[in-house]
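Note sheet for the following structure.
Sequence lines set the chain letters: A, B, ... in the order given, protein chains first and strands last, and positions in each chain run from 1.
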2 protein chains.
Amino acid sequence: MASDDPRPLTLRDVSEASGVSEMTVSRVLRNRGDVSHATRERVLEAAKTLGYVPNKIAGALASQRVNLVAVIIPSLRNMVFPEVMAGISGVLENTDLQPVVGVTDYMPEKEERVLYEMLSWRPSGVIVAGLEHTEASIAMLKASGIPVVEIMDTDGKPIDCAVGISHRRAGREMARAILKQGYQRIGFLGTKMPLDHRARKRFEGFTEALAKEGVEIVTQEFYSGGSALAKGREMTRTMLEREPELDFLYYSNDMIAAGGLMELLDQGIDIPGQIGIAGFNGVELLDGLPRRVATMDACRSEIGTKAAQVIAARVENPEAEIERIMELTPRISYGDTLKRR
Amino acid sequence: MASDDPRPLTLRDVSEASGVSEMTVSRVLRNRGDVSHATRERVLEAAKTLGYVPNKIAGALASQRVNLVAVIIPSLRNMVFPEVMAGISGVLENTDLQPVVGVTDYMPEKEERVLYEMLSWRPSGVIVAGLEHTEASIAMLKASGIPVVEIMDTDGKPIDCAVGISHRRAGREMARAILKQGYQRIGFLGTKMPLDHRARKRFEGFTEALAKEGVEIVTQEFYSGGSALAKGREMTRTMLEREPELDFLYYSNDMIAAGGLMELLDQGIDIPGQIGIAGFNGVELLDGLPRRVATMDACRSEIGTKAAQVIAARVENPEAEIERIMELTPRISYGDTLKRR
DNA sequence: CTGAAAGCGCTAACAG
DNA sequence: CTGTTAGCGCTTTCAG
């Protein structure tokens, strides 16, 4: 323990120290209602010297208001989510709302637990990644009566409202861009994550758009765990050994694409002439690589920003109109690894 | 709103629905005290069909117990911190404690605000990065009467206790290793972050150990913002143009070291013969690079684990002995970029 | 095994 | 401008 005083300070202590009623002390500390300058100073002085920190638990219970926004995401290790968080924080910093993060590790049951835990603090709103949840999670969210924004994905039916991109469309567009440049023998490299619905949807959109042009993926490879860069490299090597005729590699994220780039360069393969590659996310990291890998921006920061704005607006005015689906449009960045005529 | 019922459910609703007193319902829901099987079933049934989520705010106020651990870190964008978080979560998942993250952006005043905000929820413990805090922050932590673990750094005086590594020592050891391999004309590349005390301490330890052998850094370069990989590359190019005679580059983190590696390889420089390089942190990302960059493990995960264990133990038993400074010992990984005789 | 009463520390709603 | 009175929804404590 940093101190041995067993009892934390209360409003009453400040009240006694300053000779002002608890109620007035409370007013001063919250900047609510009119308080004379003199009293205010006395209270502030007393609070400061005592080192009083208000008890939000009691405050929240009494006022029935909690300035917390629950943010539920699959992981913090994937840079995508910290970037979304940054967008959210940026907006909430200008309000009196505060984000609280929960991590699900892509597990629906864990999401359910985290959600239950979070909702039991009666937050003012929830931002949750994805549109796929357990029935119980959906029931809880619906019953909570607070604004819920599902983020990152718009391919599905939101509980309340959604901000994101269509991953199916993203996959389709990348497929079209690749075909348009004349690539024909395409391999896919991704994560072994049945529960990463967004990756799955991109894959589905991708194969679907290829199929429409009569093209099929030649081969595919999936990984899980480990350094994404190393895995991207390994999978690329394996895949090329098996299918030397490939002329394009589509990676489900930029990190493995970067690993693939390393491998191809090592092998002295001409990019994008002999083989083209593309990833997904538009991560900043790519900037320093020997080639600018083609990718598609996932609009991470905008999604965070928009989601937080929606929550803030709804908290401000619960009657506000709601737009069910806010779809952002990612753009392809061709870089140097997807040839352009 | 996901629902239009204005009033969230209370224990009383479950009590009425099940015909059992609120007190007994509370017992069932918390698994406390003996309740007959029959009553328990009735209560659980009622709670489930109603979709009741307990109100922790009220519970915490009444019981004077909050199962939250405040974790205060400078940033989520630097992979180091998510990894520490993972260590913390891993331990806390087996307790009834829950981490709540606050981000300071390396700003002492923001740390103070975040801390105030967090402490006002009366958490059971605090884990905070670094040993440098504002006076007010220190006062708050001391007055809180809860366990405080300062992490990542042990070069200084902890408020309560600390778990980390000595960055000064880390810098010194790397300097010795470099000198020992015969490198003499050394450049330093780092972040322009006066407030990143750990980076500063590493730098100080580094130059100090060089000085002891009569060696001085030939040149240095600092960056801020942008893609670390790209910056590492740029700084390296700039530095080599200015000082072509350099034979070693010490980078303050692995990302910029990786960027540097890219640049050196591009220029066809022999690594580690003509120029050796080293970074810091031991990030997983390095695994996929064309060369294994020399680095030093920052013990990120262990720090998180240990810190959480300390908190859990102290919450369990507030009288427990405390070890003021728990210093972990990072090891140099030579990789392929720091020659070994 | 179950229930009734009394708060936890704060704020809403009134009175002055 | 300041104070008083009732709770917020739960748990603690003590009686059955």
Side-chain angles (χ1 to χ4, degrees), chain A residues 5-44 46-47 50-68 96 117 119-124 144-145, chain B residues 5-44 46-47 50 52-67 96 117 119-124 144-145:
Chain A
D5 180 355
R7 190 183 54 80
L9 295 161
T10 71
L11 213 44
R12 164 176 238 117
D13 296 306
V14 182
S15 166
E16 283 170 2
S18 63
V20 177
S21 78
E22 283 187 42
M23 194 54 232
T24 301
V25 171
S26 167
R27 284 194 185 98
V28 172
L29 265 22
R30 284 178 300 147
N31 273 311
R32 275 257 184 315
D34 293 323
V35 179
S36 77
H37 187 71
T39 338
R40 146 170 267 100
E41 289 303 301
R42 262 201 298 163
V43 170
L44 257 19
L50 290 178
Y52 171 69
V53 176
N55 185 329
K56 285 221 180 189
I57 308 228
L61 183 61
S63 67
Q64 304 284 66
R65 251 194 306 274
V66 181
N67 68 340
L68 262 24
D96 60 352
E117 200 70 26
L119 288 179
S120 71
W121 288 101
R122 300 287 189 268
S124 295
S144 72
Chain B
D5 180 356
R7 189 182 56 77
L9 295 162
T10 71
L11 213 44
R12 164 177 238 116
D13 296 307
V14 182
S15 165
E16 282 169 3
S18 63
V20 177
S21 78
E22 282 188 43
M23 195 52 237
T24 301
V25 172
S26 167
R27 285 195 184 96
V28 171
L29 265 21
R30 281 177 304 146
N31 274 310
R32 275 257 182 319
D34 293 324
V35 179
S36 77
H37 187 72
T39 346
R40 144 169 268 100
E41 289 304 299
R42 263 201 298 161
V43 170
L44 257 18
L50 289 178
Y52 171 69
V53 176
N55 185 330
K56 285 222 179 188
I57 308 231
L61 183 61
S63 67
Q64 305 283 65
R65 252 193 303 275
V66 180
N67 68 341
D96 61 351
E117 201 69 27
L119 288 179
S120 71
W121 287 101
R122 300 287 187 266
S124 295
S144 71

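- Where DNA chain C meets chain B (any atom under 4.0 Å from a heavy atom), the bounding nucleotides read 5' to 3' are C:dC1 to C:dG9.
- Scanning residues 29-42 of chain A for heavy-atom distances under 4.0 Å to DNA chain D yields A:Asp34, A:Val35, A:Ser36, A:Thr39.
- As a whole-Å value, the separation of B:Leu11 CG from D:dC8 P is 13 Å.
- We find that CG of A:Asn55 is positioned 18 Å from P of D:dC8, with the value rounded to whole Å.
- Using a 4.0 Å cutoff on non-hydrogen atoms, the parts of residues 56-65 of chain B near DNA chain C are B:Leu61, B:Ala62, B:Gln64, ordered by number.
- In this structure, the side-chain contact (heavy atoms from CB on, under 4.5 Å) partners of B:Ser124, at least two apart in sequence or on a different chain, are B:Leu97, B:Val315.
- Shown here are the side chain to side chain donor-acceptor pair (under 3.5 Å) partners of A:Ser15, two or more places apart in sequence or in another chain: there are none.
- Applying the side chain to side chain donor-acceptor pair (under 3.5 Å) rule to A:Asn31 yields the partners A:Arg40; only residues at least two apart in sequence or on another chain are considered.
- Note on the helix from C:dC1-D:dG16 to C:dG16-D:dC1: angle between the axes of the first and last five pairs equals 30°, rounded to 10 degrees.
- The side chain to side chain donor-acceptor pair (under 3.5 Å) check on A:Thr39 picks up A:Ser36, with sequence neighbours excluded.
- Taking the side chain as every heavy atom from C-beta outward, A:Val43 and A:Leu29 approach each other to under 4.5 Å.
- Contact record, B:Leu44 with B:Val28: CD1-CG1, 3.5 Å, taken as the closest heavy-atom pair.
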Check residues 56-67 of chain B and write down every donor-acceptor pair under 3.5 Å in which the side-chain atom is one partner and the other belongs to a residue at least two apart or another chain.
from: B:Lys56; atom 1: NZ; to: A:Glu117; atom 2: OE2; distance (Å): 2.4
from: B:Ser63; atom 1: OG; to: B:Gly59; atom 2: O; distance (Å): 2.8
from: B:Ser63; atom 1: OG; to: B:Arg65; atom 2: N; distance (Å): 3.3
from: B:Asn67; atom 1: ND2; to: B:Asp96; atom 2: O; distance (Å): 2.9

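- Atom CD in B:Glu16 sits about 13 Å away from atom P in D:dG9, given to the nearest Å.
- Applying the salt bridge (charged side-chain N to carboxylate O under 4.0 Å, His left out) test to residues at least two apart or on different chains, the pairs with a partner in residues 9-33 of chain A are A:Arg7-A:Asp13, A:Arg12-A:Glu16, A:Arg12-A:Glu22.
- In this entry the distance linking CZ of A:Arg122 with C1' of D:dG9 reads 9 Å, nearest Å.
- B:Ser144 and B:Leu119 get closest at one heavy-atom pair: CB-CD2, 4.2 Å.
- By the side chain to side chain donor-acceptor pair (under 3.5 Å) test, A:Ser18 is found to be paired with no residue, residues two or more places apart in sequence or in another chain being considered.
- Residues B:Trp121 and A:Leu68 form a side-chain contact, since some pair of their non-hydrogen atoms from C-beta on lies under 4.5 Å apart.
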Please enumerate all protein N or O atoms sitting under 3.5 Å from an N or O of nucleotides 4-6 of chain D, with distances to 0.1 Å.
none

